[in-house]
Amino acid sequence: MKRLIIAAVLLVLVITTYLSSFFYINKCCNNAKMLLENSVVEYKKQKTAEPEALKLEKYWDEKEKTLSVFVNHDRIDDIEKAISLLNVYAKSKDNELFYEYAENVGVLIHQILEDTKVSMHSVF
């Protein structure tokens with residue numbers, strides 16, 4: 001009977017940890033996507049998105065330490081590099097590179113969201 005109680009407690013702990021990490025990752029990634037969309041809108045309006053890109057970079061710097069507990073460090077580093085390059089091109093007048101890196105950041109964030117969902121791929 002003691003083993004069943006311990007197993008039940010561990011199961012509840014695992015499910016609670018998964019759900020809390022799932023909601024945290026979703027919240028962080030959705031906020032980052034919103035900041036990314038704001039920077040793209042500002043770039044379309046003014047041909048500069050430096051303030052919005054800086055907000056995104058600062059937000060990601062705040063959240064990356066906690067996210068690295070739940071997500072592979074390589075993915076976090078890839079997003080950080082892409083955001084820093086986006087920040088560089090937000091100041092420039094080169095439209096193609098800014099939009100390319102904005103799309104790259106969006107895809108990388110979307111991959112993290114997809115990897116946290118329970119599916120046959122993520123389980124195995």
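Residues Ala53 and Ala90 share a closest heavy-atom pair of CB-CB, 3.9 Å. Closest approach of Cys29 and Ile112 over heavy atoms only: SG-CG2, 3.8 Å.
The distance from the OG atom of Ser39 to the NZ atom of Lys44 is 10.5 Å, given to the nearest 0.5 Å. For the atom pair CG of Leu13 and CD1 of Ile6, the computed distance is 13.0 Å after rounding to the nearest 0.5 Å. Expressed to the nearest 0.5 Å, how far CG of Leu56 lies from NZ of Lys33 amounts to 12.5 Å. Between the CG atom of Asn31 and the CG atom of Leu36 there is a distance of 12.5 Å, given to the nearest 0.5 Å. Rounded to the nearest 0.5 angstrom, Leu67 CG and Ile76 CD1 are separated by 4.5 Å. Distance check: Ser84 OG to Ile79 CD1 gives 12.0 Å after rounding to the nearest 0.5 Å.
Under the 4.5 Å side-chain criterion, counting only non-hydrogen atoms from C-beta, Glu42 is not in contact with Glu50. Taking 4.5 Å as the limit, some side-chain heavy atom of Leu113 sits within range of a side-chain heavy atom of Asn30.
Applying the side-chain hydrogen bond (donor to acceptor under 3.5 Å, both in side chains) criterion to Glu80, with sequence neighbours excluded, gives no partner residue. Partners of Asn95 by side-chain hydrogen bond (donor to acceptor under 3.5 Å, both in side chains), not counting sequence neighbours, listed by chain and number: Tyr43. With sequence neighbours left out, Tyr89 forms a side-chain hydrogen bond (donor to acceptor under 3.5 Å, both in side chains) with no residue at all.
Residues Ile15 and Phe23 share a single hydrophobic cluster, defined by chaining ILVMFWY side chains whose heavy atoms lie under 4.5 Å apart. When hydrophobic clusters are built by joining Ile, Leu, Val, Met, Phe, Trp and Tyr residues whose side-chain heavy atoms come closer than 4.5 Å, directly or via intermediates, Leu11 is grouped together with Leu19.
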Could you list the donor-acceptor pairs under 3.5 angstrom formed between side-chain atoms of residues 98-109 and any protein atom two or more places apart in sequence or on another chain?
none

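The salt bridge (Lys or Arg N to Asp or Glu O under 4.0 Å) pairs that include a residue from residues 53-78 are Glu52-Lys55, Arg75-Asp115, where partners are two or more places apart or lie in different chains. Note on residues 44-75: no pairs pass ring-ring contact (aromatic ring centres under 6.0 Å, His included), not counting sequence neighbours.
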